[in-house]
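Here's the structure, in structure tokens; my notes come after.
Within every chain, numbering begins at 1; the chains are lettered A, B, ... in the order of the sequence lines, protein sequences first and strands thereafter. Note that the coordinates shown come from a computational prediction; the quantities given were computed from them, not determined experimentally. These numbers come from the heavy atoms of this one structure, side chains and all, not from hydrogens, waters or symmetry mates.
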Amino acid sequence: MLTFNYFTNLKDKTIAGLKKRNWDEQKLQWVDEIALLDSERKELQTALDQLKMQVNQASRQIGNLMKEGRHQEAETTKNQVAGHKSEITSLEEKFRTNKERIQELLLKIPNIPHESVPPGASPEDNEVFKAWKAPLPELFPGALSHWDLAEKYQLFDLKLGVKITGAGFPLYRGKGAKLQRALIQFFLDQATAAGYEEIIPPLLVNADTAMATGQLPDKDGQMYYCERDQLYLIPTAEVPVTNVYRDEILEESALPIKLCGYTPCFRREAGSYGADVKGLNRVHQFDKVEIVRLEHPDHSYQALDKMLEHVSGLLDRLELPYRILKLCGGDMGFTSALTYDFEIFSAAQKKWLEVSSVSNFETFQSNRMKLRFRNAEGKTQLLHTLNGSALALARIVAGLLENHQTPDGIRIPAALQPYTGFSRID
RNA sequence: GGUGAGGUGGAUGAGUGGCUGAAAUCAACGGUUUGCUAAACCGUCGUACGGGCUUAAACCUGUACCGAGGGUUCGAAUCCCUCCCUCACCGCCA
């Protein structure tokens with residue numbers, strides 16, 4: 001959620017940013033509407049506060065008059081207060097309507113893209129921030145897709161997942177299951193080595209938590225929901241982990257805060273179809289290690305670079321070819337100011353698969369979360385939140401199986417072998 | 001799930017209708033004193049949103065907030081209702 005500053009002092013920047021997200025003129029009017037409503041809100045509050053002050057003063061007088069036994073005068077004052085009360089009631093009504101409308105609009109306005117975000121409407125317009133320099137790997141004739149490899153080596157079973165739950169809930173078995181666990185452990189160890197504190201959060205969250213990181217109300221339909229208990233299954237560890245510090249005022253010396261966490265992720269992913277959903281490319285439940293940072297606003301973009309390095313290091317160790325995209329305005333998430341996507345090249349499917357998304361949310365989440373720090377002047381200030389996948393498993397598994405296959409088995413990268421306990425799948 | 005007791009500022013903890021935004025103590029911060037440490041003494045010490053105010057700081061000032069939301073009253077931390085949460089015991093259970 002944007003702060004009011006974006007609609008008053010930074011209005012031009014806001015308009016320009018929303019245009020980068022391809023907003024039409026009609027929606028852009030909301031910016032002016034919010035500014036107008038906000039100034040109305042201030043006027044209403046001033047009037048309301050003054051009336052309340054009068055009532056408060058009168059009440060104190062009444063108390064004193066009663067003590068002194070001057071009941072007649074007390075009654076007169078009471079009648080005066082009654083007049084103010086009805087005025088207050090009607091002003092409060094206006095005030096509430098005004099605030100609700102502001103809130104309603106604010107929730108519809110996405111984050112303002114960072115100035116470096118390229119314009120564009122669709123994934124084709126994303127900028128290749130770091131290309132893969134070496135030649136793309138070529139597989140031998142007869143190389144298989146990961147879903148065929150899974151069947152050949154008994155690594156995971158989608159049909160069993162369907163029997164037990166439904167489409168998009170893979171069941172891993174044997175070396176496939178061990179590979180899954182090895183990757184999680186490997187990613188967590190790497191994150192810990194990079195200074196991230198490990199968190200094991202709840203997998204179900206309440207509405208306040210989902211609202212704070214921006215999943216509600218925007219992505220309501222994408223989360224699984226337990227009606228009876230009014231809890232949401234997390235779509236990413238970002239949600240519970242970022243919320244660890246919701247409603248807190250941190251000391252500047254405590255920054256940066258670096259957290260990581262492994263969780264399963266649950267996504268309903270309504271509306272996807274075709275080859276994109278084949279095998280592990282898009283599933284309803286997958287495992288992911290997430291890294292989260294709470295940063296001083298002055299350092300958040302340096303922190304973002306550090307996160308890119310971290311994720312790059314993981315992919316290097318897994319010996320997977322990858323590229324980094326800087327998402328264009330039209331493809332960025334609602335809450336993000338700048339997002340880099342990591343894509344690995346699937347040699348068997350001959351296409352790029354997204355395996356990580358690393359974003360700086362600036363104050364968009366912290367404003368909703370009331371997550372602040374006390375700056376050098378002793379004033380409270382919103383800090384910046386960032387997060388990134390490090391990494392998402394399902395597609396990494398797909399890439400590993402496909403790219404490291406040989407005619408007589410699948411090679412496990414050296415970095416992973418201590419975790420799997422085997423060097424080949426055959 | 002049942003019964004009982006509770007939810008007050010960074011912490012402990014007073015406060016049962018009227019200068020109580022909230023005593024006191026501790027912690028923290030600034031200062032004085034001091035060979036060092038310690039101690040003592042003085043001071044500061046919640047958040048949000050408004051107004052004075054024109055860009056900002058400082059300062060002054062108003063309103064709201066004592067788990068959340070409603071209600072009673074001229075006036076609510078205090079009384080009433082609903083909900084949430086915590087603790088204890090019982091039940092159930094990995």
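- Rounded to whole angstrom, the span from the CG atom of A:Asp49 across to the P atom of B:G50 amounts to 10 Å.
- A:Phe422 does not carry A:Lys178 over the face of its six-membered ring by the limits of under 6.0 Å from the centre and within 45° of the normal.
- Residue A:Phe4 is the one, among A:Lys85 and A:Phe4, whose nearest nucleotide of RNA chain B lies closer to the 5' end (criterion: closest heavy atom).
- With distances taken from any side-chain atom of A:Gln45 to the nucleotides B:G51, B:U47, B:G62, the minimum falls on B:G62.
- In the set B:A64, B:G75, B:A57, the nucleotide with an atom closest to the side chain of A:Lys52 is B:A64.
- Atom NE2 of A:His71 is separated from atom P of B:C74 by 15 Å (rounded to the nearest Å).
- When the C1' atom is compared between B:A68 and B:C85, the two are found 10 Å apart, to the nearest whole Å.
- Picking from B:C74, B:A58, B:G62 the nucleotide with the shortest atom distance to the side chain of A:Ile62 gives B:C74.
- Nucleotide B:C49 holds its C1' atom 14 Å from the CG atom of A:Leu382, rounded to whole Å.
- The separation between A:Arg60 atom CZ and B:G18 atom C1' is 9 Å, rounded to whole Å.
- Distances were taken from every side-chain heavy atom of A:Ser59 (C-beta onward) to each of B:G46, B:A57, B:G18; the shortest belongs to B:G18.
- Rounded to whole Å, the separation between the C1' atoms of B:U78 and B:G17 comes to 6 Å.
- Heavy atoms of A:Lys370 sit nowhere under 4.0 angstrom from any nucleic acid atom.
- Stem regions for RNA chain B, each three or more consecutive Watson-Crick or G-U pairs with both distances under 3.5 Å and listed by first number, read B:1-7 with B:84-90, B:10-12 with B:24-26, B:28-32 with B:40-44, B:46-52 with B:59-65, B:67-71 with B:79-83.
- A:Asn56 comes within 4.0 angstrom of sugar-phosphate atoms only, judged by non-hydrogen atoms across all strands, and of no base.
- Between the C1' atoms of B:A28 and B:G70, the separation comes to 38 Å (whole Å).
- Residues A:Gln54 and A:Phe95 each lie close to RNA chain B; by heavy-atom proximity, the contact nearer the 5' end of the strand is made by A:Phe95.
- Closest contact between the side chain of A:Ile249 and the listed nucleotides B:G50, B:U47, B:C74 involves B:U47.
- B:G71 and B:G15: their P atoms are spaced 29 Å apart (whole Å).
- Side-chain contact between A:Asn98 and A:Lys94 is absent, with no heavy-atom pair separated by less than 4.5 Å.
- A:Asn206 and A:Thr209 form a side-chain donor-acceptor contact under 3.5 Å, judged by distance and modelled atom types alone.
- A heavy-atom distance below 4.5 Å is not found between the side chains of A:Met211 and A:Arg246.
- Spacing of P atoms, B:A57 relative to B:U47, comes out at 15 Å, to the nearest Å.
- The side chain of A:Asp38 has B:G50 as its nearest neighbour among B:C74, B:A57, B:G50.
- Taking atom P in both B:C19 and B:G62, the straight-line distance is 15 Å, to the nearest Å.
- Listed nucleotides: B:U47, B:G50, B:A64. Nearest to the side chain of A:Thr380: B:U47.
- Inter-residue side-chain proximity for A:Leu18 and A:Ile112 is flagged as met; some heavy-atom pair is nearer than 4.5 Å.
- A:Gln61 and A:Thr77 share no side-chain donor-acceptor pair at under 3.5 Å.
- Rounded to whole Å, the distance from CG on A:Leu48 to P on B:G51 is 13 Å.
- Straight-line distance between the C1' atoms of B:A77 and B:G7: roughly 12 Å, to the nearest whole Å.
- If you check B:G51, B:C49, B:C74 against the side chain of A:Arg41, the one that comes closest is B:C49.
- Separating the CE atom of A:Met53 from the P atom of B:C19 is a distance of 18 Å, rounded to the nearest angstrom.
- Contact check for A:Asp125 versus A:Pro118: no side-chain heavy atoms found under the 4.5 Å cut-off.
- With contacts defined as side-chain heavy-atom distances shorter than 4.5 Å, the pair A:Met1/A:Arg368 qualifies.
- Residue contacts for A:Thr77: at a heavy-atom cut-off of 4.0 Å it reaches no nucleic acid atom on any strand shown.
- Checked against B:U47, B:G75, B:G50, the side chain of A:Arg372 finds its nearest nucleotide in B:U47.
- In this structure, A:Leu51 places its CG atom 18 Å from P of B:G50, rounding to the nearest Å.
- Two residues are said to be in side-chain contact when any heavy atoms from C-beta on lie closer than 4.5 Å; A:Val355 and A:Ser389 fail this criterion.
- A distance of about 42 Å separates the P atoms of B:U44 and B:A5, rounded to the whole Å.
- In this structure, A:Glu377 atom CD and B:A57 atom P are separated by 9 Å, rounded to whole Å.
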